[in-house]
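Residue numbering restarts at 1 for every chain, and letters A, B, ... go by the order of the sequence lines.
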Protein chains: 2
Amino acid sequence: MRILLVEDDQKIAAFIQKGLKAEGFAVDHAVDGEDGLHLALSEPYDAAVVDIMLPKLDGLTLIESIRQERLKIPVIILSAKGTVDDRVKGLQAGGDDYLTKPFAFSELLARIQALIRRSTDQTEPTRLAVGDVSMTLITREVVRAGKQIELQPLEFSLLEYLMRNAGRVVSKTMIMEHVWDYHFDPQTNVVESRIYKLREKIDKGFPTKLIQTVRGVGYVLKPKI
Amino acid sequence: MRILLVEDDQKIAAFIQKGLKAEGFAVDHAVDGEDGLHLALSEPYDAAVVDIMLPKLDGLTLIESIRQERLKIPVIILSAKGTVDDRVKGLQAGGDDYLTKPFAFSELLARIQALIRRSTDQTEPTRLAVGDVSMTLITREVVRAGKQIELQPLEFSLLEYLMRNAGRVVSKTMIMEHVWDYHFDPQTNVVESRIYKLREKIDKGFPTKLIQTVRGVGYVLKPKI
DNA sequence: TACACGTCATGAGAATTTTGCTGGTTGAAG
DNA sequence: CTTCAACCAGCAAAATTCTCATGACGTGTA
């Protein structure tokens, strides 16, 4: 497994490089954005760890450039800033995960492994997008129109299922099977009530509503004014 | 799809038969246990719906006989009695699901479809067993030593994951990935605390303990005094 | 248009699950 | 054999999710 590390702080870089090598990864280290971009475009990496603050070319621009070249390597963003806005920007630029300094090495490792697992498994995307809503599966973050939306675990699973089936009507039974893992009708209205909560967060205040109810059938995720 | 219906009450039988035919199933109807067993052993069915109270041969014995012949057709038990003890007996005899009269036809249909889906998908079992614990996935019921154990949804998922990996040590990270769908360390002790709850229900009061902790590694499900 | 019926949205209260903490165990190193 | 740090059980408080009752809405019928 080859990892590209783009980090100008020598101390942090050494710490990460050492840890990853001990775990059996081959690590290439670039000290500035230009160098990093060059390496990313010329060598085949399984994942990249990119700092935001970099000399010559900043991390966000670097990631955008990589994505413009249609490269799908999973990218983990490192940053000293942990504000919501920074995370949103990072994930929008095309990052697959976001880690705030300082962090435990074990956490970086876990995330790299999670990303590599996902990306080698061709059937599993790391992000989903419908209309102006995008979802980062690893960090479980959802952004609509540049604004981060806080979802509860079940609300996230529900939206994920709707997004994976965007444009298709999904019945409440199907939703229950996939989101709740119930294989028979529990005779309650869990789905309806959770859809209501999700709508409050994802649709309320936006001009176009995404969650449509199809009477007697189920729900669809589709932009509609 | 061929369904075997074993039911002596003509009215109920007609009601079920009519409904299933309307849904496109081919239904064979036996009016007593002997007749039902004979049909079950001679024809290939995709599922069976069996009443408990039957002339000549009762439903439970019928199911046990079918299972002794190593037949794996999914069986739904119908019964007027809905006590916990009856359910336990039914599921222990080898039933895959249990429905108490009176029931809505839509519920019977949903359960038949769920069972057929599971059984045609060869990779998906409908029941799991380790030591004296058995788990019915469709009804989400767990029985240890003939005693039904009430589990919460998450406790059930956790036990299910442990049972699917019985004898193998599973790390807390793996448990989190599969049961909670967390792909990185949330830095909490959710797993530990849920294992504790599960132990209280599944191991407390029994001479052999099933859930073993393997220090520094994770947990195993394995019978041990 | 008015009515009846089934489906769906809504919100409050109950139940479950997670979090965060405390003190007790365990096992390795010296 | 002792010390220390990591790990774990156990519990209570906080957060999330489910349940249940009620009213709104849509659809077909007279």
Treat primed atoms plus P, OP1 and OP2 as sugar-phosphate and everything else as base, then score nucleotides 4-12 of chain D 5' to 3': B for base contact with protein heavy atoms under 4.0 Å, S for sugar-phosphate contact only, - for none.
--BSSSBS-
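Rounded to the nearest 0.5 Å, atoms CG (B/L210) and CD (B/Q212) are 7.5 Å apart. To the nearest 0.5 angstrom, B/M53 atom CE is 13.0 Å from B/L78 atom CG. How far CD of B/E177 is from NZ of B/K172: 15.0 Å, rounded to the nearest 0.5 Å.
Both tests hold for A/R144 against A/F206: distance to the six-membered ring centre under 6.0 Å, angle to the ring axis within 45°.
Closest to the side chain of A/V190, out of C/dT19, C/dT17, D/dT19, is D/dT19.
In this structure, B/Q152 reaches the C/dT17 phosphate: one of its side-chain N or O atoms is under 4.0 Å from OP1 or OP2. An OP1 or OP2 oxygen of C/dT17 is reached within less than 4.0 angstrom by no side-chain nitrogen or oxygen of B/W180.
Computed from coordinates, the A/R194 CZ to C/dT16 C1' distance equals 12 Å when rounded to whole Å. Going from atom CZ of B/F156 over to atom P of C/dA15 covers 23 Å, rounded to whole Å. We find that CD1 of A/I175 is positioned 13 Å from P of D/dC18, with the value rounded to whole Å. Distance B/E150 CD to C/dA15 C1': 14 Å, rounded to the nearest Å. The distance between atom CD of A/Q212 and atom C1' of D/dG26, rounded to the nearest whole Å, is 16 Å.
Heavy atoms from other residues, nucleotides or ligands lying under 6.0 Å from NZ of B/K197 number 12 at most.
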Which pairs would a plain distance check flag for residues 136-143 of chain B, meaning a side-chain donor or acceptor within less than 3.5 Å of a matching protein atom at least two apart in sequence or in another chain?
unit_1 : atom_1 : unit_2 : atom_2 : d
B/T136 : OG1    : B/R127 : NH2    : 3.4
B/T139 : OG1    : B/E141 : OE1    : 3.1
B/R140 : NH1    : A/D181 : O      : 3.2
B/E141 : OE1    : B/R87  : NH2    : 3.2
B/E141 : OE2    : B/R87  : NE     : 2.6
B/E141 : OE2    : B/R87  : NH2    : 3.2
B/E141 : OE2    : B/Q148 : NE2    : 3.1

